Asker: 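One structure is given below, represented as structure tokens, and several questions about it will come after.
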Amino acid sequence: MTLAADIDVLARFGRALADPIRCRILLALREAPAHPADLADRLGISRTRLSNHLACLRDCGLVVATPVGRRSRYELADRRLAHALDDLRLAVVAVATDRSCPDADEKDCC
């Protein structure tokens, strides 16, 4: 991949994670595929609002819809995304708790 392609991929991932509802959707789909109505109920949001966020996640290439009869079931586009979400979450938590910078409290920088 080129640098431009790498940047595009990371920007799409960042756009997806920039909204708390999209984060909740990704975390829910990390556990198991789901139908939109079930996701909306689980997350406590309207189906219209969920649909808009699912469209964004599809456009970012992070989720896919699979037809199941007359309904669609959503899942992560690649199972490695579940690991990436876990790794990113754990890395951020680790960095947030690492206060090895001697000026952290004084400068509120780390």
Side-chain angles (χ1 to χ4, degrees):
M1 287 183 90
T2 66
L3 178 60
D6 287 343
I7 291 169
D8 180 60
V9 167
L10 291 174
R12 285 187 288 135
F13 196 61
R15 187 174 27 233
L17 295 178
D19 186 277
I21 291 175
R22 288 194 293 273
C23 289
R24 291 173 61 204
I25 293 168
L26 289 170
L27 291 173
L29 295 177
R30 176 191 64 173
E31 300 301 322
H35 295 282
D38 298 332
L39 271 175
D41 291 343
R42 181 175 173 185
L43 301 177
I45 61 174
S46 72
R47 291 179 185 185
T48 301
R49 193 168 185 195
L50 178 77
S51 178
N52 291 334
H53 287 290
L54 286 172
C56 176
L57 292 171
R58 277 193 321 271
D59 290 345
C60 289
L62 299 179
V63 301
V64 293
T66 305
V68 178
R70 293 174 23 161
R71 300 172 66 192
S72 291
R73 184 185 70 217
Y74 280 82
E75 60 188 276
L76 295 177
D78 188 304
R79 292 310 305 164
R80 290 176 288 187
L81 289 170
H83 297 291
L85 290 167
D86 288 336
D87 289 346
L88 181 59
R89 184 181 51 81
L90 292 173
V92 169
V93 168
V95 169
T97 58
D98 178 15
R99 303 298 281 191
S100 59
C101 175
D103 298 326
D105 291 330
E106 188 175 298
K107 295 183 180 179
D108 195 32
C109 61
C110 304

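Positions are given from 1 along the sequence. Fair warning: this is a prediction, and the values are worked out from it, not measured in the lab.
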Asker: With ILVMFWY side chains joined below 4.5 Å, transitively, what does L27's cluster contain besides itself?
Answerer: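 Joined to L27, directly or through intermediates: none.
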Asker: In the structure I gave you, are the side-chain heavy atoms of R30 and D86 within less than 4.5 Å of one another anywhere?
Answerer: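 When only atoms from C-beta onward are counted, D86 and R30 do touch, with a gap below 4.5 Å.
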Asker: With a 4.5 Å limit on heavy-atom distance, are the side chains of P33 and T66 in contact?
Answerer: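 Not in contact.
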Asker: With clusters defined by side-chain heavy atoms of hydrophobic residues (ILVMFWY) lying less than 4.5 Å apart, directly or transitively, does L88 cluster with L57?
Answerer: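 L57 and L88: one cluster.
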Asker: For S72 versus P36, what's the shortest heavy-atom pair and its separation?
Answerer: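 Minimum heavy-atom contact is O-CD, 3.1 Å.
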Asker: Would you say L29 and E75 make side-chain contact, with heavy atoms under 4.5 Å?
Answerer: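 No; the side chains remain at least 4.5 Å from each other.
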Asker: Taking a hydrophobic cluster as the set of Ile, Leu, Val, Met, Phe, Trp and Tyr residues connected by side-chain heavy atoms closer than 4.5 Å, whether directly or through intermediates, do V92 and L81 fall within one such cluster?
Answerer: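 Same cluster: V92 reaches L81 through Ile, Leu, Val, Met, Phe, Trp or Tyr contacts under 4.5 Å.
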Asker: Mind checking salt bridge (Lys or Arg N to Asp or Glu O under 4.0 Å) for D19 and listing every partner two or more places apart, or none if nothing turns up?
Answerer: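 Partners of D19 by the salt bridge (Lys or Arg N to Asp or Glu O under 4.0 Å) criterion come out as none, since no residue qualifies.
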Asker: Between I25 and L43, is any pair of side-chain heavy atoms under 4.5 Å apart?
Answerer: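 Counting from C-beta outward, I25 and L43 do come under 4.5 Å.
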Asker: In terms of hydrophobic clusters joined by side-chain contacts under 4.5 Å, are L17 and I45 together?
Answerer: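 Result: yes, single cluster for both.
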Asker: Mind checking what makes salt bridge (Lys or Arg N to Asp or Glu O under 4.0 Å) contact with R22, not counting sequence neighbours?
Answerer: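 R22 satisfies salt bridge (Lys or Arg N to Asp or Glu O under 4.0 Å) with no other residue.
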Asker: Drop me the distance from R15's CZ to L62's CG, to the nearest 0.5 angstrom.
Answerer: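 Spacing of CZ (R15) from CG (L62) equals 9.5 Å.
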Asker: R24: which residues meet the salt bridge (Lys or Arg N to Asp or Glu O under 4.0 Å) condition with it, sequence neighbours left out?
Answerer: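 Result, salt bridge (Lys or Arg N to Asp or Glu O under 4.0 Å) vs R24: none returned.
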Asker: Given I7, which of L10, V9, L3 fulfils the side chain to side chain contact (heavy atoms under 4.5 Å, CB included) condition?
Answerer: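 Considering L10, V9, L3, a side chain to side chain contact (heavy atoms under 4.5 Å, CB included) with I7 is found only for L3.
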Asker: Would you please name every residue forming a side-chain contact (heavy atoms from CB on, under 4.5 Å) with H35, sequence neighbours left out?
Answerer: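 In terms of side-chain contact (heavy atoms from CB on, under 4.5 Å), with neighbours along the sequence ignored, H35 is linked to D38, V68, R71, R73.
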Asker: Quick one: pull up CG in L26 and NE2 in H53 and give me the separation to the nearest 0.5 Å.
Answerer: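 Answer for the CG-NE2 pair, L26 versus H53, is 11.5 Å.
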Asker: Does CZ belonging to R79 count more than 12 external heavy atoms closer than 6.0 Å?
Answerer: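 Atom CZ in R79 is crowded, with more than 12 foreign heavy atoms closer than 6.0 Å.
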Asker: What is the minimum heavy-atom distance between R12 and C60, and which atoms define it?
Answerer: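 Looking at all heavy atoms of both residues, the shortest contact is NH1-O, 2.8 Å.
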Asker: I need the minimum non-hydrogen distance between L39 and A28, along with the two atoms involved.
Answerer: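 It is CD2-CB, 3.8 Å.
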Asker: In this structure, are over 12 heavy atoms from other groups packed under 6.0 Å from R49 atom CZ?
Answerer: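 Result for CZ/R49: open.
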Asker: Taking only residues two or more places apart in sequence or in another chain, which ones pass side chain to side chain donor-acceptor pair (under 3.5 Å) with N52?
Answerer: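 Not a single residue meets the side chain to side chain donor-acceptor pair (under 3.5 Å) criterion with N52.
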